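Report on one structure; see the data block that follows.
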Amino acid sequence: MQNDGTAPRITAARDQLSGLLAGLLDKAPGTIRALLASGDGLKLAWTEQPTDDADNLAAVISGLYSLGRQQFKETPGGIRQVVVEHDGGSLFVMSAGAAFSDSKAVNTVLAVVARPDADPGQVGYVMETFIGGLDEHLVVAARANSFSGQGL
């Protein structure tokens, strides 16, 4: 166990995803931070920012995405993007698990915070490309297959 009580394998996976998120920021000029959260608002991976800020952003993006989905619950299709524009910048939110059709996929939401000078089209394109490459990181093996029965 790590000092924070997190299993080493989980910490390594989170660090790997956080590194991928940092790469996303490098590809989209004007972006400040990125975060991947579960559908219920728990942060999974994030770029450098205080933990409290990451927790808050995870809750905010989960709520925004949920509100958008609720509005269109009777309409076929899914929410592609939620954007909040502010004088101080923009918040982009996309589902990172929408491409999965099986029940092994983790419901995830990706957020990117950008400065006012960021190109929204570029940010959206980089986010979609990033999400397309997350398949192997977001699919979780069935619990029955994750235990070998040894040592239990």
Side-chain angles (χ1 to χ4, degrees), residues 1-70 77-86 88-147:
M1 290 281 192
Q2 303 283 326
N3 290 339
D4 65 358
T6 305
R9 199 163 38 175
I10 293 171
T11 301
R14 182 179 59 220
D15 289 346
Q16 183 180 14
L17 278 171
S18 294
L20 292 172
L21 287 171
L24 179 154
L25 297 181
D26 291 340
K27 293 176 184 170
T31 55
I32 300 169
R33 60 183 172 269
L35 180 133
L36 195 63
S38 65
D40 57 358
L42 299 175
K43 65 186 185 304
L44 301 173
W46 56 98
T47 55
E48 290 186 36
Q49 58 189 293
T51 301
D52 287 347
D53 289 352
D55 286 332
N56 184 50
L57 183 57
V60 166
I61 66 172
S62 172
L64 281 173
Y65 193 79
S66 180
L67 286 170
R69 257 193 358 244
Q70 184 65 25
I79 300 293
R80 288 189 293 269
Q81 184 178 44
V82 177
V83 179
V84 176
E85 293 182 0
H86 184 274
S90 298
L91 169 63
F92 299 85
V93 181
M94 287 186 181
S95 171
F100 300 107
S101 60
D102 67 35
S103 61
K104 294 186 288 185
V106 176
N107 182 23
T108 55
V109 183
L110 173 65
V112 171
V113 178
R115 294 189 307 261
D117 63 336
D119 177 355
Q122 177 71 17
V123 174
Y125 173 77
V126 170
M127 288 176 74
E128 281 194 34
T129 302
F130 177 83
I131 289 166
L134 281 179
D135 297 8
E136 65 193 60
H137 300 285
L138 296 180
V139 176
V140 178
R143 287 190 189 268
N145 296 333
S146 63
F147 295 105

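If you're wondering where the values come from, they're calculated on a predicted model, not measured in any experiment.
Within the structure, salt bridge (charged side-chain N to carboxylate O under 4.0 Å, His left out) pairs that include any residue of residues 41-62 comprise Lys43-Asp55 (at least two apart or interchain).
Between Ser18 and Thr47, the closest heavy-atom pair is O-CG2, 4.4 Å. Between Ile79 and Gly68 the shortest heavy-atom distance is CD1-O, 3.3 Å. Closest non-hydrogen pair, Ala37 versus Leu44, comes out as C-CD1, 3.8 Å. In plain terms, the two heavy atoms of Phe130 and Leu20 that are nearest each other are CE1-O, 3.4 Å. Contact detail for Ala45 and Leu17: the closest heavy-atom pair is CB-CB, 3.5 Å. Residues Leu57 and Leu35 approach most closely at CD2-CB, 3.9 Å, considering heavy atoms.
The distance from atom CG of Asp26 to atom OG1 of Thr31, rounded to the nearest 0.5 Å, is 7.5 Å. Here Glu128 contributes atom CD and Gln81 contributes atom CD; the two are 7.5 Å apart, rounded to the nearest 0.5 Å.
Residues Leu67 and Val82 are not in side-chain contact: their nearest non-hydrogen atoms beyond the backbone lie 4.5 Å or more apart. Side-chain contact check for Leu91 versus Ile61: some heavy-atom pair is nearer than 4.5 Å.
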Open item on the list: Set out, in order, the CA-CA distance, both residues' side-chain angles and the distance that settles side-chain contact (heavy atoms from CB on, under 4.5 Å) for Val84 and Val60, then state yes or no.
Closed with: CA-CA 11 Å; Val84 176; Val60 166; over 6 Å; no

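Take Ser90 and apply the side-chain contact (heavy atoms from CB on, under 4.5 Å) test, not counting sequence neighbours, and it matches Glu85, Phe92. Scored by the side-chain contact (heavy atoms from CB on, under 4.5 Å) test, Asp40 finds Ser38, Leu42 as partners (sequence neighbours excluded).
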I'd like a table of donor-acceptor pairs (distance under 3.5 Å, sequence neighbours excluded) in which one partner is a side-chain atom from residues 111-127, with atom names and distances.
{"residue": "Arg115", "atom": "NE", "partner": "Asp117", "partner atom": "OD1", "Å": "3.3"}
{"residue": "Asp119", "atom": "OD1", "partner": "Gly121", "partner atom": "N", "Å": "3.0"}
{"residue": "Gln122", "atom": "NE2", "partner": "Lys27", "partner atom": "O", "Å": "3.2"}

